[in-house]
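Below: one structure, written as C-alpha cells.
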Amino acid sequence: MTVTDPETQAGWVPEAEAEDDAEDMPLSLRLSIADTLTLGNATCGFMAVYFTTTGILIPHLQGSAETGMARNSAATAVILMLLAAIFDLCDGLVARKLRSSPMGAELDNLSDLISFGLAPAYFVLVYGMVADDAQQKVAALAAIVVLLAVVLRLARFSCVTMKDGMFQGMPSPFGALTVVSIVLLELPFIATLLAVIGVAWLMVSRVEYPKPRGVLAVAMLSWIIGAMGLLVAWAFNAPGGELLLQTGCVLQVVLGAVIPLFATARRVNTFRDNRREARAAQLP
C-alpha cells in the first residue's frame with residue numbers, strides 16, 4: 001500500500017529521480033569483465049547438458065543406430081566443458097588484474113556447479129543408460145556421488161582458508177575432466193564407476209593441489225586446447241583419432257592419480273623435516 005502526502009500528492013517517483021537511482025545502482029548488481037567470463041562458464045556447462053541429451057540420450061531412447069551423431073555430440077559436450085574450464089581459468093586471472101564485483105565469488109561457485117558438477121554427473125548418468133554392459137541405477141548412484149562431491153567441495157572452498165597458491169581437494173574443473181576422460185576410455189562398466197567414485201573422493205579429500213598460476217596456468221591452457229584438438233579428430237574419424245583421444249584420456253587420468261602421490265610425498269617429507277628440526281632444537 002502506498003502512503004500519499006495529502007499536501008504534495010507525492011505518491012509517485014519523478015522520472016529524473018528514477019534515473020538517478022539507476023545511476024546509483026549498488027556495486028553488487030554491476031557485472032565486471034570477470035563476471036561475464038564466469039557467465040560464459042555457466043553457459044558452456046548448460047550447453048554440454050543440452051548436447052548430451054539431444055545427441056546421445058534421445059537418439060538412444062528412440063532406438064537410433066546412428067553412432068556418428070552420438071560421437072559428435074559427445075565430443076561437443078566435452079569440448080564445451082573444456083571451454084568452461086578456460087572461462088574458469090581466465091575469470092580468476094582477469095579478476096586479479098582488473099576489478100571484480102562483490103558477487104564474483106558467488107557467481108563463480110554457481111557456474112562451477114553447473115559446468116563441473118551437473119554436466120559431468122549427467123554425462124556419467126547418460127553413459128549408464130547407453131553403454132552395452134551398463135546398469136542404470138548404479139550409474140545414477142555414481143552420478144549423484146560426483147554431483148554431491150562437487151557441491152561439498154565448492155561449499156568447503158567458500159568456508160576454508162588455505163595457504164596461498166594451494167587448493168584443498170582436486171579442483172572441480174580438473175575433477176570433471178578426469179571423470180569425463182574415464183567415461184571416454186570405455187573401460188568395463190564396474191571399473192569405470194569405481195574410477196569415477198575415486199575421483200569424487202579426491203575432490204572432497206584434503207589432498208593439496210597447486211593453483212594454476214603463471215607457468216602452470218599456461219601449461220593447463222595448452223593442455224585444454226590440445227584436448228580439444230584430440231576431440232575434434234576423434235569426432236570426425238581422423239586417422240588415428242581414436243588412439244590419440246585414448247592417449248589424452250589416459251594422460252588426464254594419470255595426472256589425476258599422480259598429483260595426489262606427489263602431494264602426499266611432500267607432506268610426509270615436510271612432517272619428517274619438522275620432526276628433525278624439533279629434535280635438533282631439544283638437544284643441548
Side-chain angles (χ1 to χ4, degrees), residues 41 45 48 78 81-82 84-86 88-89 92 108-109 111-125 127-128 138-213 216-217 219-220 223-224 227 246-271:
N41 170 7
V78 179
M81 293 185 215
L82 290 167
I86 291 178
D88 185 60
L89 178 64
D108 189 59
N109 276 350
S111 298
D112 286 355
L113 179 58
I114 296 172
S115 299
F116 311 124
L118 175 62
Y122 186 70
F123 199 82
V124 171
L125 176 63
Y127 161 75
V138 179
L141 179 61
I144 292 173
V145 169
V146 171
L147 179 62
L148 294 182
V150 175
V151 170
L152 291 172
R153 197 215 173 283
L154 293 174
R156 186 178 64 183
F157 177 76
S158 301
C159 301
V160 177
T161 301
M162 287 292 296
K163 60 184 180 182
D164 189 43
M166 300 300 294
F167 286 122
Q168 188 179 72
M170 179 183 285
S172 53
F174 193 87
L177 298 181
T178 306
V179 165
V180 171
S181 297
I182 293 170
V183 173
L184 290 177
L185 281 174
E186 297 182 354
L187 301 170
F189 181 73
I190 298 301
T192 297
L193 292 188
L194 290 176
V196 166
I197 292 173
V199 174
W201 176 82
L202 283 173
M203 283 193 280
V204 296
S205 70
R206 296 188 177 183
V207 177
E208 294 182 352
Y209 285 78
K211 290 185 178 180
R213 295 178 180 175
L216 186 57
M220 180 173 292
W223 171 252
I224 292 174
Q246 290 178 348
T247 302
C249 291
V250 169
L251 289 175
Q252 176 71 32
V253 174
V254 168
L255 283 174
V258 168
I259 291 178
L261 294 178
F262 278 111
T264 303
R266 184 178 61 182
R267 179 175 294 182
V268 170
N269 291 332
T270 302
F271 177 74

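- Across all non-hydrogen atoms, the minimal contact from Met81 to Ala48 is CG-CB, 4.1 Å.
- Proximity of Ser115 to Asp88: side-chain heavy atoms (C-beta onward) are nowhere separated by under 4.5 Å.
- Within the 4.5 Å cutoff, the side chain of Leu125 has no heavy atoms near those of the Tyr127 side chain.
- Distance check: Asn109 CG to Ser172 OG gives 8.0 Å after rounding to the nearest 0.5 Å.
- A search for side chain to side chain contact (heavy atoms under 4.5 Å, CB included) contacts involving Ile114 returns Ala42, not counting sequence neighbours.
- Among residues two or more places apart in sequence or in another chain, the side-chain hydrogen bond (donor to acceptor under 3.5 Å, both in side chains) test is passed with Asp112 by Asn41.
- Scanning both residues, Ala176 and Pro120, for their nearest heavy atoms gives CB-CG, 3.7 Å.
- Applying the side chain to side chain contact (heavy atoms under 4.5 Å, CB included) criterion to Ala217, with sequence neighbours excluded, gives Leu89, Pro212.
- Counting heavy-atom neighbours within 6.0 Å of Tyr122 OH, excluding the residue itself, gives a total above 12.
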Taking distance alone, no hydrogens or angles, what donor-acceptor pairs closer than 3.5 Å link side-chain atoms of residues 145-156 to residues at least two apart or in another chain?
residue : atom : partner : partner atom : Å
Arg153  : NE   : Met170  : O            : 2.7
Arg153  : NH2  : Gly169  : O            : 3.3
Arg156  : NE   : Gln168  : OE1          : 3.4
Arg156  : NH1  : Val204  : O            : 2.9
Arg156  : NH1  : Ser205  : O            : 3.3
Arg156  : NH2  : Gln168  : O            : 2.9
Arg156  : NH2  : Ser205  : O            : 2.8

| query | Where do Phe167 and Glu208 land on the side-chain contact (heavy atoms from CB on, under 4.5 Å) test, with the steps shown first? | reply | CA-CA 5 Å; Phe167 286 122; Glu208 294 182 352; over 6 Å; no
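- Of all the heavy atoms in Ala85 and Ile224, the pair that sits closest is CB-CD1, 3.9 Å.
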Output side-chain donor-acceptor pairs under 3.5 Å for residues 178-201, partner residues at least two apart or in another chain, one line each.
residue : atom : partner : partner atom : Å
Thr178  : OG1  : Phe174  : O            : 2.7
Thr178  : OG1  : Gln252  : NE2          : 3.1
Ser181  : OG   : Leu177  : O            : 2.7
Thr192  : OG1  : Leu187  : O            : 3.3
Thr192  : OG1  : Pro188  : O            : 3.1

